[in-house]
Amino acid sequence: MIKKVKSISGFYRLLKEVNELKNPIFRGHSSIKYELKSSSFRRLENKYKEISKVRKNLSLYHGQLIEEFKENKYHQSQIGELTDLEILAKLQHYGAATCFMDFSRNIAVALWFACSSKENVDGRVYILKNTQDVLSYKRINSTQLKYNIGKFYEDYLSDENEDTKENELTKHFLLWEPPYLSERILQQDSIFLFSKKELELDSEEFLHRVDIDKSLKKEILKILNKLFNINKKNIYKDFHGFASSHAQNEEIDFIDDGIKYFEIANQYYQADEYEKALEFYQKAMDDSIDDKRVLIEIYENIAIIYKDRFTFSSLKKALEYQIKAVEINEKVLDKNHPSLATSYNNLSLIYKDLGGDENLGKALEYIDKAIEIFNVAFPAGHRNLEIIEKNRKILIDEMKK
């Protein structure tokens with residue numbers, strides 16, 4: 001069944017209704033004409049036309065895409081070699097056609113995508129029903145994350161010294177919560193869905209569809225910006241997003257000199273030109289910015305720049321700015337907000353790098369605060385929890401030396 005939002009009051013009713021749903025996720029399309037398919041499926045359709053050939057070649061397509069990526073040595077990141085799924089997440093971020101359909105836990109994000117373009121066409125929001133239904137959905141765990149991409153698409157699998165067996169993964173819609181590979185994934189509260197049976201997803205059994213009348217798109221965008229701070233700059237919060245938000249056809253929205261300096265600083269920061277970034281962050285601070293969210297980002301980015309220099313004096317500078325960020329976060333955020341946990345974790349890492357019993361004790365205090373929040377904000381086994389608990393173990397081993 002398709003429901004249609006025809007008025008702003010209907011829009012507010014929608015926001016209220018989704019709060020009553022159990023474990024939903026959301027996806028927005030700017031046009032009701034767009035089908036619910038992954039970009040790789042569409043790309044293969046253009047080549048083969050026949051659905052059977054598309055299905056047959058999904059595994060081969062992704063395998064070749066990953067191999068070409070590895071041949072160019074793009075897969076070696078600062079945190080180690082990426083898995084196949086992490087490679088595909090990176091590629092999708094930069095526009096490659098992959099098997100992932102990007103959903104969000106945040107209805108406001110999906111609404112923004114449904115309304116942000118195609119002003120003369122109705123938009124659509126897909127609401128995926130209870131994702132905790134273990135019969136229909138399977139969440140990718142840390143072991144499965146290491147699988148090569150073929151294991152998610154081959155009907156039968158065989159290992160050394162084992163008989164060929166049916167592949168259970170192909171019977172489910174697979175959900176994967178990508179780790180912190182980019183600021184964009186974090187801002188959009190993304191969760192990826194992929195499956196060999198993806199065409200079966202677009203049915204009333206799994207989905208609610210909500211169409212957004214084209215006449216409401218502009219007004220809804222204004223409300224999303226005002227109530228949720230959902231806008232193009234924050235949806236695409238990375239260097240590429242920043243650049244596109246200042247394209248020729250985008251409306252100029254100068255707020256004050258301090259904000260302009262902040263945006264220029266972020267551009268230098270994303271381009272790894274840290275001295276210029278520090279110069280413009282300082283100019284932004286000199287203009288007495290009142291927006292607490294902007295100040296937090298300034299302080300945390302400055303802290304990261306100084307921390308990465310890894311000298312005692314630079315670490316003390318990093319500590320100074322990270323403490324400022326934490327103090328504001330504690331005032332403006334809910335006590336269980338994940339961003340506060342991230343801020344605590346960053347502070348813990350600086351104390352750890354400074355070393356010494358007192359600093360290591362402070363590091364343990366703040367990482368424990370971060371873990372306490374993450375335990376509330378994320379389900380057991382979440383990648384962020386695994387990473388931070390691993391960091392805590394490293395810290396404890398350091399304290400024993």
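- Within a 6.0 Å sphere centred on CG of N19, heavy atoms belonging to other residues, nucleotides or ligands number more than 12.
- Side chain of K217 to main chain of I212: no donor-acceptor pair is present (N/O by atom type, distance under 3.5 Å, no hydrogens or angles).
- When all heavy atoms of L207 and L201 are compared, the pair lying nearest together is CD1-O, 3.4 Å.
- The ring pair (Phe, Tyr, Trp, His ring centres under 6.0 Å) pairs that include a residue from residues 24-45 are H29-Y126, where partners are two or more places apart or lie in different chains.
- L278 places a side-chain heavy atom less than 4.5 Å from the side chain of Y306.
- The closest donor-acceptor contact from the side chain of N359 to the backbone of D353 lies at 3.5 Å or more, if one exists at all.
- In this pair, Y137 and F173 present their aromatic rings tilted. The plane angle is within the 30 to 60° band.
- Ion pair K56/E50 not flagged as a salt bridge, since none of the NZ, NE, NH1 or NH2 atoms sits closer than 4.0 Å to an Asp/Glu carboxylate oxygen.
- In this structure a side-chain-to-backbone donor-acceptor pair under 3.5 Å is missing from D102 to F192.
- A donor-acceptor pair is defined here as one N or O able to donate and one able to accept, closer than 3.5 Å; no such pair exists between the side chain of S136 and the backbone of D133.
- Counting only distance, with no hydrogens or angles, the side chain of K22 and the backbone of N130 share no donor-acceptor pair below 3.5 Å.
- Heavy atoms of other residues, nucleotides or ligands lying less than 6.0 angstrom from NZ of K362 number 12 at most.
- Enclosure of atom CD in E389 by more than 12 non-hydrogen atoms of other residues, nucleotides or ligands within 6.0 angstrom is indicated.
- Going from atom CZ of R209 over to atom NZ of K4 covers 15.5 Å, rounded to the nearest 0.5 Å.
- N345 places no side-chain N or O within 3.5 Å of a backbone atom of A370 that could act as its donor or acceptor partner.
- Considering CG of L111 and CD1 of I230, their distance stands at 10.0 Å, rounded to 0.5 Å.
- A 6.0 Å sphere centred on NZ of K53 holds no more than 12 heavy atoms belonging to other residues, nucleotides or ligands.
- The NZ atom of K129 sits 7.5 Å away from the CD atom of E204 when rounded to the nearest 0.5 Å.
- A donor-acceptor contact closer than 3.5 angstrom is absent between the side chains of N301 and Y299.
- With a 4.5 Å cut-off on side-chain heavy atoms, K171 and E166 count as touching.
- With hydrogens and angles ignored, the 3.5 Å screen pairs no side-chain donor or acceptor of S38 with any backbone N or O of F100.
- We find the CG-CD distance between L58 and E154 to be 12.0 Å, quoted to the nearest 0.5 Å.
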Acceptor/donor pairs from residues 317-325 side chains to any protein atom, 3.5 angstrom cut, sequence neighbours excluded:
from: Q322; atom 1: NE2; to: E300; atom 2: OE2; distance (Å): 3.3
from: Q322; atom 1: NE2; to: S343; atom 2: O; distance (Å): 3.2
from: Q322; atom 1: NE2; to: S343; atom 2: OG; distance (Å): 3.2

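- Between E45 and K37, at least one side-chain nitrogen of the basic residue sits less than 4.0 Å from a carboxylate oxygen of the acidic one, meeting the salt-bridge criterion.
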Legend entry - Residue pair N346, Y344: steps toward the side chain to side chain donor-acceptor pair (under 3.5 Å) verdict: CA-CA 5 Å; N346 292 344; Y344 284 148; over 6 Å; no
Inset, instruction - Take E297 and Y281 through the test side chain to side chain donor-acceptor pair (under 3.5 Å) and record every step on the way to the result. - result: CA-CA 10 Å; E297 187 170 345; Y281 281 137; 5.4 Å; no
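- Judged purely by distance below 3.5 Å, without hydrogens or angles, the side chains of N72 and E68 never pair a donor atom with an acceptor atom.
- In R139, the CZ atom is crowded: over 12 heavy atoms of neighbouring residues, nucleotides or ligands sit closer than 6.0 Å.
- Side-chain contact annotation: S215 with D213, donor-acceptor N/O pair under 3.5 Å present.
- Of the possible polar contacts, none joining the N225 side chain to the L221 backbone as a donor-acceptor pair under 3.5 Å is found.
- When every heavy atom of N148 is checked against every heavy atom of D84, the shortest pair comes out as CA-OD2, 3.1 Å.
- Side-chain contact check for R43 and Y61: at least one donor-acceptor pair (N or O, by modelled atom type) lies under 3.5 Å.
- Taking a cutoff of 4.0 Å between a charged side-chain nitrogen and a carboxylate oxygen, E279 and K283 qualify as a salt bridge.
- A donor-acceptor pair under 3.5 Å is absent between the side-chain atoms of R124 and the main chain of A114, judged by distance alone.
- Atom CD in E198 sits 8.0 Å away from atom CG in L36 (nearest 0.5 Å).
- Taking CD of Q144 as the start and OG1 of T83 as the end, the distance is 12.0 Å to the nearest 0.5 Å.
- A97 and L65 get closest at one heavy-atom pair: O-CD2, 3.9 Å.
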Table please: side-chain donor-acceptor pairs of residues 5-16 below 3.5 Å, with sequence neighbours left out.
from: S7; atom 1: OG; to: S9; atom 2: OG; distance (Å): 2.9
from: S7; atom 1: OG; to: G10; atom 2: N; distance (Å): 3.1

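- Other residues, nucleotides and ligands place no more than 12 heavy atoms under 6.0 Å from the CG atom of D357.
- Proximity of a side-chain donor or acceptor of S348 to a complementary backbone N or O of Y366 within less than 3.5 Å is not detected.
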